[in-house]
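Read the structure below first, then the notes.
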Number of protein chains: 2
Amino acid sequence: MTGTHPQPPTKAQLLELVAALGTAQWQDFAAAAARHGLTSVQAKLLAQLKGPVPMRGLATLLVCDASNVTGIVDRLEARGLVRREPDPADRRVKNVVATEEGHATIRRVRAEMQATHSALDALDEEERTVLYGLLERLRPGMERRA
Amino acid sequence: MTGTHPQPPTKAQLLELVAALGTAQWQDFAAAAARHGLTSVQAKLLAQLKGPVPMRGLATLLVCDASNVTGIVDRLEARGLVRREPDPADRRVKNVVATEEGHATIRRVRAEMQATHSALDALDEEERTVLYGLLERLRPGMERRA
DNA sequence: CCGAGTTGCTTGACGATCTCAAGCATCCAT
DNA sequence: ATGGATGCTTGAGATCGTCAAGCAACTCGG
């Protein structure tokens with residue numbers, strides 16, 4: 001019934017659906033972050049810190065001005081979720097690292113995205129594989145300007 | 001090679017990919033809006049106005065406080081992209097409608113989302129149908145908290 | 001009809017996000 | 001060593017977002 005619709009969706013319909021799911025996931029993320037006293041942007045920055053990242057790198061990852069990153073990191077650092085470390089190879093650079101508490105916090109935020117998790121639970125393993133494959137095919141085009 | 005991966009993706013991998021595509025699409029949207037002198041939030045509000053919508057309804061759609069909507073509509077109205085009309089049935093309510101220029105602008109913004117459009121072009125009709133079906137299955141779970 | 005409670009919108013205060021221009025320190029290449 | 005990039009911060013100014021307070025208008029029970 002579901003998988004064999006004779007009518008292919010309009011490009012506009014598909015676009016709208018992708019947008020709707022994207023914002024829904026973002027809301028879910030923002031709500032989970034808020035429960036830990038973080039804004040969505042702070043949480044997003046924290047999510048990038050698998051290792052040390054220079055301020056400039058964060059600006060690139062978040063697609064924003066470097067001066068903006070200064071403030072966000074300031075606030076995260078004031079809470080002890082993040083630390084600025086001097087770069088041994090270049091004294092201009094400050095590398096940002098998540099503290100242990102920072103890592104723990106973002107891990108909890110990810111785990112608490114209930115809406116997103118339960119949505120993914122609606123798919124079985126094969127469907128997830130198919131979905132992943134299709135989304136991977138979309139990625140190259142999306143990165144062209146991002 | 002691509003479509004028959006024997007290893008199903010981790011839930012975390014799938015989550016990350018969805019998030020990446022969501023933010024990429026959002027960046028694309030924001031950039032297109034900026035070319036017309038709009039912020040992403042202004043464009044998003046404008047995109048909801050297929051017909052008259054009361055302020056309260058916009059707050060619900062945008063998942064934010066009503067007082068926030070006041071300012072956004074103020075700025076859109078100052079540019080002549082939107083109009084506030086009294087509701088004939090309830091004098092408390094102000095319905096927001098897009099002007100002709102407002103409609104034209106948001107139409108152009110949508111059309112100029114090049115990264116998103118070219119990404120979708122990578123899929124043929126059948127793949128789009130499959131993708132649409134899968135994403136529709138995700139929607140119910142996502143709306144639970146949104 | 002009429003007062004109590006609710007609802008819709010705006011205002012004001014305040015914090016966070018974002019950009020741009022300027023400034024300082026450091027690097028790099030000639 | 002000097003000139004030009006690069007990395008980060010600061011300050012000004014706009015937008016976004018919340019909360020609390022206020023006013024107008026609707027609703028409902030008596």
Side-chain angles (χ1 to χ4, degrees), chain A residues 23 26-27 29-49 52-79 81-97 146, chain B residues 23 26-27 29-49 52-79 81-97 146:
Chain A
T23 64
W26 180 252
Q27 296 290 343
F29 180 68
R35 269 172 245 135
H36 294 273
L38 292 174
T39 67
S40 6
V41 178
Q42 289 166 357
K44 178 159 182 165
L45 191 152
L46 203 47
Q48 314 292 323
L49 299 180
V53 184
M55 301 291 287
R56 192 72 196 70
L58 286 172
T60 303
L61 286 170
L62 301 186
V63 196
C64 72
D65 196 272
S67 66
N68 193 16
V69 177
T70 299
I72 301 171
V73 170
D74 279 350
R75 288 177 277 268
L76 285 173
E77 195 170 27
R79 290 187 184 208
L81 301 177
V82 133
R83 220 176 25 235
R84 273 182 244 235
E85 292 182 346
D87 188 302
D90 187 336
R91 278 183 300 170
R92 291 172 300 181
V93 174
K94 292 181 187 170
N95 288 308
V96 183
V97 253
Chain B
T23 65
W26 179 252
Q27 295 291 343
F29 180 69
R35 268 173 245 135
H36 294 273
L38 292 175
T39 67
S40 6
V41 178
Q42 288 166 359
K44 178 159 182 165
L45 191 152
L46 204 47
Q48 314 291 325
L49 298 180
V53 184
M55 302 290 288
R56 193 70 196 72
L58 286 173
T60 303
L61 286 170
L62 301 186
V63 196
C64 73
D65 196 271
S67 66
N68 193 18
V69 177
T70 299
I72 301 172
V73 170
D74 279 349
R75 289 178 277 270
L76 286 173
E77 196 170 27
R79 290 186 186 207
L81 301 177
V82 132
R83 221 175 25 235
R84 272 183 245 233
E85 293 182 346
D87 189 302
D90 187 337
R91 277 183 301 170
R92 289 173 299 181
V93 174
K94 293 181 187 170
N95 287 308
V96 183
V97 255

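Here is how names work: the chains are called A, B, and so on, in the same order as the sequence lines, proteins then strands, and each is numbered from 1. Because the structure is predicted, anything quoted here is derived from the model rather than measured.
- Interatomic distance, A/Leu61 CG to A/Gln48 CD, rounded to the nearest 0.5 Å: 5.0 Å.
- Contacts of residues 39-48 of chain A with DNA chain D (heavy atom under 4.0 Å): none.
- In this structure, CE on B/Met55 lies 7.0 Å from CG on B/Leu58, to the nearest 0.5 angstrom.
- Here B/Arg91 does not reach the OP1 or OP2 of D/dA24: none of its side-chain N or O atoms lies under 4.0 Å away.
- With contacts defined as side-chain heavy-atom distances shorter than 4.5 Å, the pair B/Thr39/B/Lys44 does not qualify.
- Taking atom CG on A/Leu61 and atom P on D/dG7, their separation rounds to 14 Å, with Å as the unit.
- One finds the CG atom of A/Leu46 at 11.5 Å from the CD1 atom of A/Ile72 (value rounded to the nearest 0.5 Å).
- Between B/Phe29 and B/Ala43, the closest heavy-atom pair is CZ-CB, 3.5 Å.
- For the pair A/Arg75 and C/dT17, the criterion of a side-chain N or O lying under 4.0 Å from OP1 or OP2 is met.
- Distance B/Ile72 CD1 to C/dT17 C1': 14 Å, rounded to the nearest Å.
- Salt-bridge formation is not detected for the pair B/Arg83/B/Glu77: no Lys NZ or Arg NE/NH1/NH2 atom is positioned less than 4.0 Å from an Asp or Glu carboxylate oxygen.
- Here C/dA16 presents its P atom at 15 Å from CD of A/Glu77, a figure rounded to the nearest Å.
- Between A/Ala66 and A/Ala59 the shortest heavy-atom distance is CA-CB, 3.8 Å.
- Spacing between atom CG of A/Asp87 and atom P of D/dT6 amounts to 17 Å, rounded to whole angstrom units.
- Atom-to-atom, CH2 of B/Trp26 to C1' of C/dC18 comes out at 14 Å; the value is rounded to the nearest Å.
- Scanning all heavy atoms of the two residues, the minimum distance from B/Val93 to B/Pro54 falls at CG1-CB, 3.6 Å.
- With hydrogens and angles disregarded, a donor-acceptor distance shorter than 3.5 Å links the side chain of A/Arg79 to the backbone of A/Gly37.
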TODO: For each nucleotide in nucleotides 1-14 of chain C, reading 5' to 3', give B when a protein heavy atom comes within less than 4.0 Å of its base, S when such contact involves only the sugar-phosphate, and - otherwise.
DONE: ------BSSBB---
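- Regarding A/Leu62, its CG atom lies at a distance of 14 Å from the C1' atom of C/dA16, rounded to whole Å.
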